[in-house]
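Structure first, commentary second.
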Protein chains: 2
Amino acid sequence: MGRSRGMAPFVGTTSRGGGMAQSDPLYQRIASDLRDQIRTGAIKAGDRLPTEVELREQYDVSRNTVRLALGVLQNEGMISSTQGKGTVVREQVMLTYHAAWAESRDRHASDQTDAFYAEMRDQGRKGEYRDFEMRIKPATPELAARLHVDEGDSLVSRAISRFVDGQPFSLQDSYYPMDISQECGLLTPHDVPGGVIRALAAKGHTEIGYVDELTTRMPRPDEARKLGLSQGTPVLVYVRTTYSDKRPLRLTLTIFAGDRNRVVYELGDLTAYAENGGAS
Amino acid sequence: MGRSRGMAPFVGTTSRGGGMAQSDPLYQRIASDLRDQIRTGAIKAGDRLPTEVELREQYDVSRNTVRLALGVLQNEGMISSTQGKGTVVREQVMLTYHAAWAESRDRHASDQTDAFYAEMRDQGRKGEYRDFEMRIKPATPELAARLHVDEGDSLVSRAISRFVDGQPFSLQDSYYPMDISQECGLLTPHDVPGGVIRALAAKGHTEIGYVDELTTRMPRPDEARKLGLSQGTPVLVYVRTTYSDKRPLRLTLTIFAGDRNRVVYELGDLTAYAENGGAS
DNA sequence: TAGTGGTCTAGACCACCAC
DNA sequence: TGGTGGTCTAGACCACTAT
């Protein structure tokens, strides 16, 4: 093949402001070139990219090299490929989860779903939950430390998947110490009427403090499947531990699809914020 | 080549609890096999994996297929490869950022660095900051909306990189409206004695409310470089907008390396938490 | 059926690291 | 110097989608 290696297609684009040196690998330069086309709007969100064969001819490289370049952008979450259809630029729709007050709103509560419903309704979306499961699980070291029980002790796990407009949104799993679960009737594979938080409060276990921990990581294969995540989408891991005046009551682990979720805290006096249409 | 395709190496490992079906792609099955070995501790954090050539022989596939499998695990953040050295299982060291009170601690303040120092000292680490930069930047739509200025208006940007024990930790960029910056002396390419927050308060711009937004995404190439992120490491994006009783004062954008950071909020009455050694 | 991306092979040469 | 991962080629066949 008469390749005129590393020339024409890159003219004027390789030595742009932020990045690519002349000596970078071919696939990185192709990735960079496509990234720029997306960033500048030459290829817009939702648009199809050239096919792999077209890119192969356009840049005069092997298909494998084209796929390496597309892989880079896929891992950055910029594009998404589907067999038989093509490769498109991904578009983002962000939903907001108000951590500070999401659970304390006093609505028609039904398990942990009330807050979620209210949030979604406020944002004009249709929230549902699916796949409720109640299980008994042994405490991992992390769970044991946070709930002040011994490692391996039985915990009650109540898990649900949240969907918005038919799309998976987050996976939530709440853990309760066994003694509290028995006292408050959490050992049912159904919704707790009025919600778990009220059931706890009714027996004197009132939640008065929260510790929230937020981290991020790449999803495990089953999480990617359940959340329908495409390559290059991280998850936001949100762990809330709640306390009464005496002890930890509950640990709720939420795995948010990173490309569709934003967690918000509103703290202090936000008069100026609310006045200007901030609080949705 | 006499390949006995898809047999021996997988016996007893392919149809484990959560996952791999017999019909999955070869490279996925190899990835799954290695993932299990890591998960079960057969290969521990810090250990070296077999070389690509060894894996190629072990599974009787082409080297390219081995690399596809390793790519999967790399994108999950489980392993890290270095040219000439090999491939190792990554280990995690998590540091904690206490969002609720990080900025309100009244120590020997020096720009935005006081809170960071205090946090790191509490965790027994050595915090430093590098690469301070003061710039004037036009407001993007996102910045304009949050700071209640017009798009394109000039904003003062004061940026630093945070390092812990010599390792990059997070990138921080604070934006201030131009009128406040002039009034409070923020247009200097140096630290503001006593800290910016005090300088604002001294002129009557006291911060009394915060809105924090947390999202995650894959890093852009320059962020990955500055933070020294390896493949498959997302970033945690933390945006804090602060308010006086009248208006937004400041927007601070922090990009945390996702594999080394945890953001924590402590809310409400946490007597029970503190009593049991919770508050570090 | 034609075209797309998905998987896989069997080589090659290069850059970096430890010895 | 030998071994490692990094890059790249030039094919092949398959699975899925659109028409």
Side-chain angles (χ1 to χ4, degrees), chain A residues 1-7 9-10 20-34 47-75 78-90 221 224 230-232, chain B residues 1-7 9-10 20-32 34 47-75 78-90 224 230-232:
Chain A
M1 294 242 87
R3 293 190 52 209
S4 56
R5 172 78 169 269
M7 282 298 103
F10 290 111
M20 265 322 81
Q22 179 66 27
S23 60
D24 274 322
L26 252 179
Y27 76 93
Q28 291 283 9
R29 282 194 279 162
I30 295 172
S32 190
D33 197 41
L34 293 171
D47 283 1
R48 271 191 56 179
L49 266 69
T51 68
E52 295 184 351
V53 174
E54 284 168 354
L55 289 171
R56 174 208 152 95
E57 290 162 356
Q58 188 176 327
Y59 290 105
D60 191 17
V61 295
S62 77
R63 192 177 151 219
N64 221 316
T65 301
V66 168
R67 285 181 64 77
L68 279 178
L70 294 178
V72 169
L73 298 181
Q74 229 172 75
N75 290 336
M78 301 196 70
I79 63 173
S80 170
S81 299
T82 318
Q83 199 176 57
K85 296 179 74 169
T87 302
V88 298
V89 178
R90 289 175 58 181
S230 50
Q231 262 290 9
Chain B
M1 295 242 92
R3 292 190 54 211
S4 55
R5 172 77 171 270
M7 280 299 104
F10 290 113
M20 266 317 84
Q22 179 66 25
S23 60
D24 274 324
L26 252 178
Y27 76 94
Q28 290 284 8
R29 283 195 278 163
I30 296 172
S32 190
L34 292 170
D47 284 0
R48 269 191 57 180
L49 266 67
T51 69
E52 294 183 352
V53 174
E54 283 168 354
L55 289 171
R56 172 206 154 95
E57 291 163 355
Q58 188 177 329
Y59 290 106
D60 191 18
V61 296
S62 77
R63 191 178 153 219
N64 221 315
T65 302
V66 168
R67 284 181 64 78
L68 279 177
L70 294 178
V72 169
L73 299 181
Q74 228 171 77
N75 291 335
M78 301 196 71
I79 64 173
S80 171
S81 299
T82 317
Q83 199 176 55
K85 296 180 73 171
T87 303
V88 299
V89 178
R90 290 175 57 182
S230 49
Q231 262 290 7

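Throughout, a chain's letter reflects where its sequence line sits, starting with A, and its residues are numbered from 1. Because the structure is a prediction, the values reported are computed rather than measured.
- Across the protein-nucleic acid pair, Leu55(B) atom CG and dT9(C) atom P stand 14 Å apart, rounded to whole Å.
- Side-chain contact check for Asn64(B) versus Asn64(A): some heavy-atom pair is nearer than 4.5 Å.
- Each of Gly84(A) and Gln83(B) lies near DNA chain D, and the nucleotide nearest Gln83(B) is the one positioned closer to the 5' end.
- Residues Arg67(A) and Arg63(A) are in side-chain contact: their nearest non-hydrogen atoms beyond the backbone lie under 4.5 Å apart.
- Going from atom CD of Gln74(B) over to atom P of dT7(D) covers 10 Å, rounded to whole Å.
- For Val61(B), the side-chain atoms get nearest to dT9(C) when compared with the rest of dT9(D), dT9(C), dC16(C).
- When side chains are defined from C-beta on, Leu34(A) counts as touching Leu55(A), because their heavy atoms get closer than 4.5 Å.
- Atoms CZ (Arg67(B)) and P (dT9(D)) sit 14 Å apart, rounded to a whole Å.
- Out of dC8(C), dA10(D), dG6(C), the shortest distance to the side chain of Ser62(A) is found at dA10(D).
- Between the P atom of dG5(C) and the CG atom of Leu73(A) lies a distance of 14 Å, rounded to the nearest Å.
- Checked by atom type and distance alone, the side chain of Asp33(A) never pairs as donor or acceptor with a backbone atom of Arg29(A) at under 3.5 Å.
- At whole-Å resolution of the value, CZ in Arg48(B) and P in dG5(D) are 6 Å apart.
- Per the geometry, CZ belonging to Arg29(A) stands 13 Å off P belonging to dT7(D), to the nearest Å.
- Asn64(B) places its CG atom 10 Å from the P atom of dC8(C), with the value rounded to the nearest Å.
- Taking 4.5 Å as the limit, every side-chain heavy atom of Val66(B) sits out of range of all side-chain heavy atoms of Tyr59(B).
- Closest to the side chain of Thr51(A), out of dG5(C), dT7(D), dA10(C), is dG5(C).
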Checklist outcome for this item: The dot-bracket string of DNA chain C, counting Watson-Crick and G-U wobble pairs with both distances under 3.5 Å, using [ ] for crossing pairs and | for pairs to another strand, is ||||||||||||||||||.
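- Computed from coordinates, the Ile30(A) CD1 to dT9(D) C1' distance equals 13 Å when rounded to whole Å.
- Across dC16(D), dG6(D), dC8(C), the shortest atom-to-atom separation from the side chain of Leu26(B) is found for dC8(C).
- When distances are taken from the side chain of Arg63(B) to each of dC13(C), dT4(C), dT9(D), the shortest belongs to dC13(C).
- Within the 4.5 Å cutoff, the side chain of Leu49(A) has heavy atoms near those of the Leu70(A) side chain.
- Contact annotation: the side chain of Val89(A) never approaches that of Met78(A) to less than 4.5 Å [non-hydrogen atoms, C-beta and beyond].
- Out of dG5(D), dG5(C), dT9(D), the shortest distance to the side chain of Thr87(B) is found at dG5(D).
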